[in-house]
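The structure under discussion appears below in the form of structure tokens.
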2 protein chains.
Amino acid sequence: MRAEGLVRKGAAVTTTPTAVAAGGRDLPHPAREEIRLEDVLHALSDPLRLRIVRELAADGGALSCSHFDLPVTKSTTTHHFRVLRESGVIRQVYRGTTKRNALRREELDGLFPGLLDCLLAAAGRQAVRLGGS
Amino acid sequence: MRAEGLVRKGAAVTTTPTAVAAGGRDLPHPAREEIRLEDVLHALSDPLRLRIVRELAADGGALSCSHFDLPVTKSTTTHHFRVLRESGVIRQVYRGTTKRNALRREELDGLFPGLLDCLLAAAGRQAVRLGGS
DNA sequence: GCCGTACTACGAGGGCTATCGTACGACTCG
DNA sequence: CGAGTCGTACGATAGCCCTCGTAGTACGGC
């Protein structure tokens with residue numbers, strides 16, 4: 001399928017980098033005031049994303065994407081991190097070949113005091129209740 | 001399929017206030033232990049459902065579906081209430097031609113202490129911040 | 001018995017989401 | 001430079017979700 005849209009791209013093509021994802025490699029984050037509760041709840045309503053957030057909170061620092069051993073492919077992992085970033089839950093910063101992911105804890109606490117701790121506590125309780133660690 | 005629709009309580013039913021309450025129509029609710037945090041968060045990630053829950057919490061009692069003036073049709077309203085019920089957020093009981101909707105506050109507080117209050121507070125803060133009521 | 005009210009069931013449409021595979025770009029180290 | 005690692009972009013697929021309209025059921029009152 002896929003018509004032969006690309007013909008040995010490395011050959012005679014101009015190879016202009018288009019700088020779309022190049023350049024400073026900045027990632028779009030919502031401003032603090034733009035974070036919406038519904039988006040945060042939706043982001044955390046996925047088991048995989050909730051697990052990511054729990055691990056980030058447990059570590060307290062910044063972890064790379066590859067640090068997580070998730071039962072999905074890299075593409076899907078990228079997708080989930082993007083959802084978390086665009087909802088304002090985490091902040092992503094490039095650092096060499098890896099990316100550092102960290103909770104936006106202070107901002108979230110400012111917007112919704114106590115919510116993050118309540119959610120993490122609830123998730124932890126449920127994990128214990130369901131036989132998890 | 002409806003072979004069990006023969007409940008027909010019209011006869012000499014005990015009319016216990018708590019059990020079958022006011023009708024032969026029972027609605028399926030998840031047991032307390034079956035309530036999952038992800039489902040609750042997903043249920044509350046919809047603006048309409050979050051609004052319903054806020055009104056229920058503000059009233060503190062049981063409100064009928066038709067009490068809410070939502071910008072959707074009745075079918076959609078039914079759908080949203082069903083999502084809230086099946087996720088364990090609210091309890092629905094028939095009473096005559098109407099249905100009473102109430103938060104399952106005690107059970108939720110038992111499972112996830114403080115979570116509901118945090119969520120309601122966060123929703124209230126956001127409503128104020130966004131110029132709403 | 002009959003009608004109005006309150007809500008449900010079912011089916012359909014349109015959009016979003018989760019997942020994957022493949023191809024590609026950016027960076028580091030030999 | 002070349003190879004390897006880390007992550008992204010794009011296309012595709014399947015499934016879920018929100019919405020609606022129509023038709024139907026249960027209850028209460030006339």
Side-chain angles (χ1 to χ4, degrees), chain A residues 1-11 13 15-28 38-39 42-52 63-87 92-101, chain B residues 1-2 4-10 13 20-28 38-39 42-52 63-68 70-87 92-101:
Chain A
M1 338 306 246
R2 157 164 340 218
E4 59 289 9
L6 29 109
V7 237
R8 292 279 228 112
K9 169 175 194 140
V13 189
T15 67
T16 37
T18 65
V20 56
R25 291 238 280 171
D26 274 352
L27 291 164
E38 294 92 327
D39 296 334
H42 172 252
L44 297 181
S45 69
D46 183 282
L48 231 53
R49 292 194 289 260
L50 186 56
R51 171 171 156 186
I52 291 172
L63 299 173
S64 72
C65 290
S66 57
H67 173 271
F68 298 86
D69 190 24
L70 302 174
V72 291
T73 64
K74 286 196 301 178
S75 304
T76 307
T77 301
T78 297
H79 161 70
H80 284 305
F81 274 99
R82 191 218 298 248
V83 172
L84 286 172
R85 185 187 75 236
E86 292 182 345
S87 67
Q92 295 186 296
V93 178
Y94 278 106
R95 182 173 187 206
T97 85
T98 70
K99 211 165 52 172
R100 299 194 336 171
N101 302 279
Chain B
M1 36 177 60
R2 308 198 41 82
E4 50 81 18
L6 46 88
V7 184
R8 287 292 303 158
K9 74 95 192 183
V13 182
V20 195
R25 292 183 289 170
D26 275 355
L27 291 164
E38 294 93 328
D39 296 335
H42 172 252
L44 297 181
S45 69
D46 183 280
L48 233 51
R49 292 194 290 259
L50 186 57
R51 171 171 157 187
I52 290 172
L63 299 173
S64 71
C65 289
S66 56
H67 174 270
F68 298 86
L70 302 174
V72 291
T73 63
K74 285 189 147 198
S75 304
T76 306
T77 302
T78 296
H79 160 71
H80 284 306
F81 274 100
R82 190 219 288 254
V83 172
L84 286 172
R85 185 188 75 235
E86 292 183 344
S87 66
Q92 294 186 296
V93 178
Y94 279 107
R95 177 159 196 222
T97 82
T98 71
K99 212 165 50 172
R100 296 212 148 190
N101 301 279

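Numbers restart at 1 for each chain; the letters A, B, ... are given by sequence-line order, proteins then strands.
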If every non-hydrogen atom of A/Thr77 is compared with every non-hydrogen atom of A/Val72, which pair is closest and at what distance?
OG1-CG2, 3.6 Å
Nearest heavy atoms of A/Asn101 and A/Ser64, plus distance in Å
ND2-C, 3.7 Å
When you measure from the side chain of [X], which nucleotide among [options] comes out closest?
| X | options | result |
| --- | --- | --- |
| A/Thr98 | C/dC7, D/dC6, D/dT19 | D/dC6 |
| A/Ser66 | C/dC7, C/dT19, D/dG7 | D/dG7 |
| A/Thr97 | D/dC18, D/dT5, D/dG28 | D/dT5 |

Specify the separation, in whole Å, of atom [atom1] of [X] and atom [atom2] of [N].
| X | N | atom1 | atom2 | value |
| --- | --- | --- | --- | --- |
| B/Asp46 | D/dC16 | CG | P | 18 Å |
| A/Leu50 | C/dA18 | CG | C1' | 16 Å |
| B/Ile52 | D/dC18 | CD1 | P | 11 Å |
| B/Leu70 | C/dA6 | CG | P | 15 Å |
| B/Tyr94 | D/dG28 | OH | P | 13 Å |
| A/Leu27 | C/dA26 | CG | P | 14 Å |
| B/Arg100 | D/dC27 | CZ | P | 16 Å |
| B/Arg85 | C/dC7 | CZ | C1' | 12 Å |

Would you say that [X] contacts [Y] through its side chain, given a criterion of any heavy-atom pair below 4.5 Å between the two side chains?
| X | Y | value |
| --- | --- | --- |
| B/Glu38 | A/Arg49 | no |
| B/Thr76 | B/Leu70 | no |
| B/Pro71 | B/Leu48 | yes |

In Å, rounded to the nearest 0.5 Å, how long is the span from CZ of B/Arg85 to CG of B/Leu27?
4.5 Å
State the CD-CZ distance between B/Gln92 and B/Arg100, to the nearest 0.5 angstrom.
13.0 Å
Looking at DNA chain C, which of residues 73-83 of chain A put a heavy atom within less than 4.0 Å of it?
A/Thr73, A/Ser75, A/Thr76, A/His79, A/His80
Counting just side-chain N and O atoms, does A/Arg95 come under 4.0 Å of either OP1 or OP2 of C/dC27?
no
When all nucleic acid strands are considered with a 4.0 Å heavy-atom cut-off, which category describes A/His42: base, sugar-phosphate, or nothing?
sugar-phosphate
